[in-house]
Amino acid sequence: MSDTQWFCVINGRQEGPYAVATLAGMTAQAPLAADTMVWTEGMAGWKPLSETPLYEALPKSSLPPRVPLSTVFQAGAQNMASQMSATINAPIANTQSPGFVDAVKICFRKYVDFNGRASRPEYWWFFLFGLALSIITMMFPLINMLISLVLILPSIAVGVRRLHDIDRTGWWLLIGLIPLVGFIVLIIFLTKQGTAGQNRFG
């Protein structure tokens with residue numbers, strides 16, 4: 001074992017070959033971990049250090065423990081959820097002409113709110129947000145379907161509020177079901193400037 005030469009992957013690069021004594025010295029400087037990929041002659045393929053005989057020959061006190069993938073994914077999911085929550089609940093700068101982030105926050109806060117009005121930037125920024133997510137997840141049908149289900153209610157709600165902004169009832173959204181002509185009319189409605197001042201919807 002002491003004469004065996006080992007290769008290892010450090011910082012994304014293949015390093016070696018190293019003798020066991022050399023690797024033992026390297027662990028003191030912490031470039032190796034329990035999940036560092038290693039290989040030596042006679043092995044079918046690369047394996048984590050902790051799954052090879054080399055692991056027993058190195059000083060354990062210098063080797064960081066191997067982190068289970070489930071822990072990594074769980075921590076990543078919790079971090080993503082907390083960041084999304086912080087983003088949605090952050091203060092909104094200008095509701096009259098919101099930017100991309102503010103528009104997304106407004107639409108999630110008013111998830112099923114069909115009352116009031118929505119400006120053109122609010123509607124179209126959220127539309128762009130949904131379109132971008134659909135394109136990004138296109139290669140993952142299940143995730144794409146879940147995102148579509150999550151976005152369907154706020155998309156309808158902001159569409160209704162956008163029609164309110166031009167003093168039209170939200171039922172006009174149904175005109176989009178008419179082939180071609182209805183879609184064109186709906187696009188015209190959704191791109192119109194909102195009524196100045198108050199209207200019957202706020």
Side-chain angles (χ1 to χ4, degrees), residues 11-12 35 64 67-202:
N11 297 325
D35 57 354
V67 181
L69 283 177
S70 59
T71 303
V72 175
F73 288 137
Q74 183 179 1
Q78 289 175 345
N79 185 47
M80 184 181 298
S82 63
Q83 286 182 351
M84 285 185 66
S85 177
T87 300
I88 291 171
N89 292 316
I92 297 170
N94 185 357
T95 57
Q96 294 301 317
S97 184
F100 177 78
V101 174
D102 284 342
V104 173
K105 287 192 289 188
I106 291 169
C107 291
F108 275 115
R109 286 183 183 179
K110 298 182 176 181
Y111 198 86
V112 287
D113 187 351
F114 300 93
N115 299 311
R117 299 165 61 174
S119 63
R120 281 187 299 184
E122 180 181 332
Y123 177 83
W124 288 108
W125 279 129
F126 191 72
F127 175 84
L128 180 64
F129 170 75
L131 180 64
L133 281 183
S134 295
I135 293 172
I136 291 170
T137 60
M138 193 178 298
M139 300 298 293
F140 308 97
L142 180 59
I143 296 175
N144 188 272
M145 182 181 69
L146 290 174
I147 287 175
S148 298
L149 290 174
V150 168
L151 294 182
I152 189 168
L153 285 177
S155 296
I156 293 173
V158 72
V160 169
R161 296 197 305 273
R162 177 80 268 269
L163 289 170
H164 288 175
D165 194 43
I166 62 170
D167 204 23
R168 291 188 180 274
T169 176
W171 290 108
W172 276 99
L173 270 182
L174 297 178
I175 200 174
L177 298 176
I178 300 174
L180 189 59
V181 175
F183 177 76
I184 293 172
V185 172
L186 185 58
I187 291 296
I188 293 172
F189 284 168
L190 295 173
T191 55
K192 283 184 65 176
Q193 175 71 39
T195 54
Q198 295 288 312
N199 65 22
R200 56 184 167 145
F201 298 103

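For reference, positions follow the sequence shown, starting with 1.
By the 6.0 Å and 45° rule, Arg162 does not stack over the aromatic ring of Phe189.
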Check against side-chain contact (heavy atoms from CB on, under 4.5 Å), Tyr111 and Asp113 = CA-CA 6 Å; Tyr111 198 86; Asp113 187 351; over 6 Å; no
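Below 30°, between 30° and 60°, or above 60°: for Phe127 and Trp124 the angle between ring planes is above 60°, a perpendicular geometry. Aromatic ring pairs are classed by plane angle as parallel below 30°, tilted from 30° to 60° and perpendicular above 60°; the pair Phe129 and Phe108 is perpendicular.
Under the salt bridge (charged side-chain N to carboxylate O under 4.0 Å, His left out) criterion, Asp167 pairs with Arg200, not counting sequence neighbours. Judged as a salt bridge (charged side-chain N to carboxylate O under 4.0 Å, His left out), and not counting sequence neighbours, the contacts of Arg117 are Asp165.
Applying the 6.0 Å contact sphere to CZ of Phe183 captures no more than 12 heavy atoms from other residues, nucleotides or ligands. More than 12 heavy atoms of other residues, nucleotides or ligands sit less than 6.0 Å from atom CG of Leu128.
In this structure, Phe126 and Ser155 approach most closely via the heavy-atom pair CE2-OG, 3.6 Å. Minimum interatomic distance between Pro98 and Pro121 (heavy atoms only, all atoms of both residues): O-CB, 3.6 Å.
Rounded to the nearest 0.5 angstrom, Glu122 CD and Lys110 NZ are separated by 5.5 Å. Between the CZ atom in Arg161 and the CD1 atom in Ile106 there is a gap of 8.0 Å [rounded to 0.5 Å]. Between Ile166 atom CD1 and Ile188 atom CD1 the span is 10.5 Å, to the nearest 0.5 Å. Note that the CG atom of Leu163 and the CG atom of Leu190 stand 5.5 Å from one another [nearest 0.5 Å]. The CD1 atom of Ile175 sits 11.0 Å away from the CD1 atom of Ile184 when rounded to the nearest 0.5 Å. Here SG of Cys107 is found 10.0 Å from OH of Tyr123. Values are rounded to the nearest 0.5 Å.
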Side-chain polar contacts of residues 133-148 - donor-acceptor pairs under 3.5 angstrom, sequence neighbours left out - could you list them?
unit_1 : atom_1 : unit_2 : atom_2 : d
Ser134 : OG     : Gly130 : O      : 3.0
Thr137 : OG1    : Leu133 : O      : 2.8
Thr137 : OG1    : Asn144 : ND2    : 3.0
Asn144 : ND2    : Ser134 : O      : 3.0
Ser148 : OG     : Asn144 : O      : 2.9

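Remark: side-chain polar atoms of His164 are paired, donor with acceptor, to backbone N or O of Gly116 under 3.5 angstrom. Put simply, the side chain of Arg120 gets close to the backbone of Thr191: a donor and an acceptor are under 3.5 Å apart.
For the pair Trp171/Val160, no side-chain contact is recorded, criterion being any heavy-atom separation below 4.5 Å from C-beta on. Counting heavy atoms from C-beta on, the side chains of Val101 and Trp125 never come closer than 4.5 Å.
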